[in-house]
2 protein chains.
Amino acid sequence: MAHSHDVPSDLTRNQGLVLGALNHSEGPLSAYDILDKLRGDGLRAPLQVYRALDKLVERGLAHRLESLNAFVACADEHCHRKGLIAFAICEGCGKVDEFADAVIEDRLGDWASAKGFKVERTTMEIRGKCAVCVEAA
Amino acid sequence: MAHSHDVPSDLTRNQGLVLGALNHSEGPLSAYDILDKLRGDGLRAPLQVYRALDKLVERGLAHRLESLNAFVACADEHCHRKGLIAFAICEGCGKVDEFADAVIEDRLGDWASAKGFKVERTTMEIRGKCAVCVEAA
DNA sequence: TCTTGATATGTTATGTTATTACGCTTGCGG
DNA sequence: CCGCAAGCGTAATAACATAACATATCAAGA
């Protein structure tokens with residue numbers, strides 16, 4: 001099996017660097033965190049990072065966490081998810097757990113059809129403490 | 001019945017002004033939007049607005065929309081909701097529809113117990129087009 | 001080959017959102 | 001009256017994001 005952090009070969013240099021930074025991180029990184037990690041590789045301006053992030057998110061290789069203004073690599077390396085993804089964000093250790101739930105997705109779909117609302121994208125973020133950090137408390 | 005935009009009487013001046021601004025708005029407002037609306041009432045600094053918003057959100061009188069970095073008055077004026085609230089945000093007209101769904105909440109609860117994750121707060125935001133704006137397209 | 005268009009890049013400047021730090025004021029219980 | 005908690009005012013700054021403009025790279029088609 002391929003390494004879980006292999007990266008598609010058709011990424012541009014900047015996209016590859018940014019995805020690499022996300023893959024090597026334990027937790028979410030802000031665009032400026034990423035920039036700082038990549039100054040040694042020649043990146044100088046926020047826009048270089050934001051542009052790469054846009055593409056990565058568009059392709060499902062990374063996700064934006066709205067409630068943190070930060071980004072994570074997609075956890076599902078080989079078949080980047082379609083549809084609704086939920087994130088559980090631990091306030092203790094900062095780790096993020098990514099999951100999908102068909103029931104929730106259906107339920108939202110039902111609401112949307114009832115209302116005539118055309119869904120384009122959904123963000124779902126749970127803040128709290130992971131098992132390890134609850135234990136530690 | 002009371003006016004739908006009545007406001008609790010124990011708010012401070014700044015809190016009242018900020019909630020008033022949200023209540024009179026068609027859609028979400030950023031903190032700086034609110035500040036601009038309230039300069040005539042003596043507000044001068046972002047912090048005055050952020051402090052009021054913190055309290056209002058804490059009391060459930062207003063909600064923060066993470067994906068917009070903006071705020072709305074709670075739609076459910078008299079019994080401010082507990083638990084999970086979802087928001088459908090129209091990219092066309094900017095209006096926000098607020099709703100609760102017990103099934104989704106249960107489903108998340110199940111996931112959380114299975115993982116030992118202690119949920120503190122959940123944000124759920126659907127972006128898309130409302131019926132009116134789909135029609136108009 | 002040449003040109004054209006799409007995509008990516010680099011750089012500067014600026015816009016937008018949010019917080020830190022500090023000090024004063026107000027109201028209330030002891 | 002004192003002390004404390006909550007609120008307020010102000011200035012400065014931090015953190016997040018985009019606009020505007022110029023240049024580069026490369027593949028498809030005349």
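The figures that follow rest on heavy atoms only: side chains count, while hydrogens, waters and symmetry mates do not. First the proteins, then the strands, lettered A, B, ... as listed; each starts at 1. Everything quoted here is computed from the prediction, not taken from an experiment.
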Can you tell me the distance, in whole Å, between the CG atom of B:D10 and the C1' atom of C:dG27?
15 Å
Whole angstroms only, please: what is the CZ-P distance between A:R44 and C:dA8?
21 Å
Every protein N/O lying under 3.5 Å from an N/O of nucleotides 17-22 of chain C:
unit_1	atom_1	unit_2	atom_2	d
C:dA18	OP1	B:R64	NH1	3.2
C:dA18	OP1	B:R64	NH2	2.2
C:dA18	OP1	B:N69	OD1	3.4
C:dA18	OP2	B:Y50	OH	2.9
C:dA18	O5'	B:Y50	OH	3.3
C:dA18	N7	B:Y32	OH	2.6
C:dA18	N6	B:Y32	OH	3.1

Short N-O contact, A:R64 and A:E66, less than 4.0 angstrom:
yes
Aromatic rings B:F99 and A:W111: how do their planes relate, parallel, tilted or perpendicular, breaks at 30° and 60°?
parallel
When rounded to whole Å, the CG to P distance for the pair A:L29 and D:dC16 reads 11 Å
note: A:L43, atom CG; C:dG10, atom C1'; distance rounded to Å ~ 10 Å
Is the shortest heavy-atom distance from the side chain of A:R59 to the side chain of A:L56 under 4.5 Å?
no
Within the distance-only criterion (no hydrogens, no angle test), does the side chain of A:Q15 pair as donor or acceptor with the backbone N or O of A:A52 below 3.5 angstrom?
no
Rounding to an integer number of Å, can you tell me how far A:L65 CG sits from D:dC16 C1'?
15 Å
I need the CG-C1' distance between B:N14 and D:dA6, as an integer number of Å.
13 Å
Are any of the side-chain nitrogens in B:E91 or B:K129 under 4.0 Å away from the carboxylate oxygens of its partner?
no
Determine whether A:L43 and A:L61 fall in the same hydrophobic cluster, where Ile, Leu, Val, Met, Phe, Trp and Tyr are linked whenever their side-chain heavy atoms lie under 4.5 Å apart.
yes
To the nearest angstrom, the CG-P distance between B:L11 and D:dA6 comes to 16 Å
Between atom CD in A:Q48 and atom P in D:dT18, what is the gap in whole Å?
16 Å
Mind checking whether B:I104 and A:I85 sit in one hydrophobic cluster, side chains of I, L, V, M, F, W, Y counted as touching below 4.5 Å?
no
For the side chain of A:E125 and the backbone of A:F87, is there at least one donor-acceptor N/O pair under 3.5 Å apart?
no
How about A:F71 and A:H63: are their ring centres within less than 6.0 Å of each other?
no
Produce the list of close N/O pairs, under 3.5 Å, pairing protein atoms with atoms of nucleotides 4-7 of chain C; give distances to one decimal.
none

